[in-house]
Number of protein chains: 2
Amino acid sequence: MTTSTDSDHLLDLLKASGARITKPRRVIVRILAEKGGQHPDAMDIFRRAVREDSRISLPTVYRTLKVLEEQGAIQRHAFSDGRSRYEPAAGEHHDHLIDMDTGDVIEFHSEKIEQLQEEIARELGYEIVHHRLELYGRKRKAGKRR
Amino acid sequence: MTTSTDSDHLLDLLKASGARITKPRRVIVRILAEKGGQHPDAMDIFRRAVREDSRISLPTVYRTLKVLEEQGAIQRHAFSDGRSRYEPAAGEHHDHLIDMDTGDVIEFHSEKIEQLQEEIARELGYEIVHHRLELYGRKRKAGKRR
DNA sequence: GAGCAGATGATAATGATTTTCAATACTGCA
DNA sequence: TGCAGTATTGAAAATCATTATCATCTGCTC
């Protein structure tokens with residue numbers, strides 16, 4: 001149940017930048033647009049891509065991701081586990097809560113926090129260009145203990 | 001004007017964990033305790049260490065940093081530039097504002113933001129273990145434009 | 001349908017960090 | 001203080017994620 005529209009949107013962005021729409025790019029973009037796979041890293045994407053077209057290569061995945069990132073079509077996140085993870089650029093900004101046990105990524109947004117950040121930066125004489133807020137935590141076990 | 005006390009504190013933590021106090025570790029710990037060098041990466045530390053004892057190796061720097069990190073004696077930060085940067089674990093938690101033009105790192109702390117984070121995590125059913133908040137910005141130019 | 005710039009795949013290179021392993025040096029104990 | 005035994009070291013090679021090289025291929029324009 002892949003929304004072909006999202007995929008098309010990414011392709012449009014690519015085309016608008018003068019890039020050619022190739023078969024590998026179609027596949028990669030389709031994967032990125034899938035709602036299911038949350039925040040895949042390059043290898044995740046590569047593995048899925050190979051299933052659709054066995055001759056896609058890892059470098060092509062990286063190259064395509066880079067182009068898409070430069071176009072602002074997707075966002076790259078560098079969580080503290082070494083590799084980068086990607087997601088289609090959502091219209092609205094959000095931050096991340098990372099489940100330390102499962103690696104799940106939950107998105108959230110707090111206008112209050114955003115405002116406080118602006119305030120702090122202003123006090124320090126700065127203007128925020130972008131920021132990164134990640135919470136690393138564990139599910140609260142109701143009453144359960146170990 | 002290196003405070004030998006800070007350095008000693010780190011050595012104590014090392015010793016407490018059953019680690020041996022070796023010459024390379026002494027040097028590395030001393031460097032970390034220096035007030036001057038703000039947020040050095042492993043290579044920065046290595047370069048400085050070599051000046052004090054030319055036979056220290058890079059792997060030893062990494063190994064020592066890892067031990068110190070496990071002991072909670074220092075904190076590792078993975079800013080979005082690939083390599084990790086370290087700093088002695090301050091008694092108090094703080095976040096970072098990174099000057100995008102100069103690379104300077106400014107520390108700040110906001111109890112309000114911390115509380116909001118806790119609140120958000122709680123609502124999502126999580127307990128925060130640690131977090132990362134980085135603001136990337138530029139100095140506000142008062143009236144000046146380019 | 002031809003031609004060419006841009007894209008691809010295979011492979012090698014890079015940069016940061018980690019591992020391997022034989023040699024060395026802390027530490028506790030005699 | 002000397003010494004054994006183990007943690008630690010340095011040198012070199014291995015990993016891991018990512019990027020560059022380069023000859024080949026293929027969208028795309030005419």
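In what follows, chains are A, B, ... by sequence order, proteins preceding strands, each numbered from 1.
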List, one per line, each side-chain donor-acceptor pair under 3.5 Å for residues 57-69 of chain A, sequence neighbours excluded.
unit_1	atom_1	unit_2	atom_2	d
A:S57	OG	A:T60	OG1	3.2
A:T60	OG1	A:R63	NH2	3.3
A:T64	OG1	A:T60	O	2.9

Only distances under 3.5 Å count here; give the side-chain donor-acceptor pairs of residues 13-27 of chain A to other protein atoms, sequence neighbours excluded, each with its distance to 0.1 Å.
unit_1	atom_1	unit_2	atom_2	d
A:S17	OG	A:L14	O	2.7
A:T22	OG1	A:R25	N	3.4
A:R25	NH1	A:R20	O	2.9

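Here the P atom of nucleotide C:dT27 and the CG atom of B:L14 are 11 Å apart, to the nearest Å. One atom, CG of B:D53, and another, P of C:dT24, lie 16 Å apart when rounded to the nearest Å.
Nucleotides of DNA chain D lying under 4.0 Å from heavy atoms of chain B occupy a range whose first and last members, 5' to 3', are D:dG5 to D:dA12.
Looking at residues two or more places apart in sequence or on another chain, you find a salt bridge (Lys or Arg N to Asp or Glu O under 4.0 Å) between A:E52 and A:R30. Residues forming a side chain to side chain contact (heavy atoms under 4.5 Å, CB included) with B:D12 (at least two apart in sequence, or on another chain): none. Residues passing the salt bridge (Lys or Arg N to Asp or Glu O under 4.0 Å) test with A:D41 are A:R83, sequence neighbours excluded. Residues forming a salt bridge (Lys or Arg N to Asp or Glu O under 4.0 Å) with A:R55 (at least two apart in sequence, or on another chain): A:D53. Annotation: salt bridge (Lys or Arg N to Asp or Glu O under 4.0 Å) contacts of A:D44 (sequence neighbours excluded): A:R47. In this view, B:H96 and B:H39, B:H77, B:F79, B:H94 satisfy the ring pair (Phe, Tyr, Trp, His ring centres under 6.0 Å) rule, not counting sequence neighbours.
Comparing B:I56 and A:I21 by the nucleotide of DNA chain D whose heavy atom lies nearest to each, the residue mapping closer to the 5' end is B:I56. If A:T22 and B:A19 are placed on DNA chain C by their nearest nucleotide, the residue sitting closer to the 5' end is A:T22.
Overall, the helix from C:dG1-D:dC30 to C:dA30-D:dT1 carries an axis bend of 30° between its ends, with five pairs at each end and the value rounded to 10°.
A salt bridge does not link B:R85 to B:E87: none of the charged nitrogens lies less than 4.0 Å from a carboxylate oxygen.
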Do any N or O atoms of the protein come closer than 3.5 Å to N or O atoms of nucleotides 15-20 of chain C, and which pairs are they?
unit_1	atom_1	unit_2	atom_2	d
C:dT17	OP1	B:S84	N	2.9
C:dT17	OP1	B:S84	OG	3.3
C:dT17	OP2	B:Y62	OH	2.3
C:dT17	O5'	B:Y62	OH	3.2
C:dT20	O4	B:R63	NH1	3.2

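Applying the salt bridge (charged side-chain N to carboxylate O under 4.0 Å, His left out) test to residues at least two apart or on different chains, none of the pairs has a partner in residues 119-128 of chain B.
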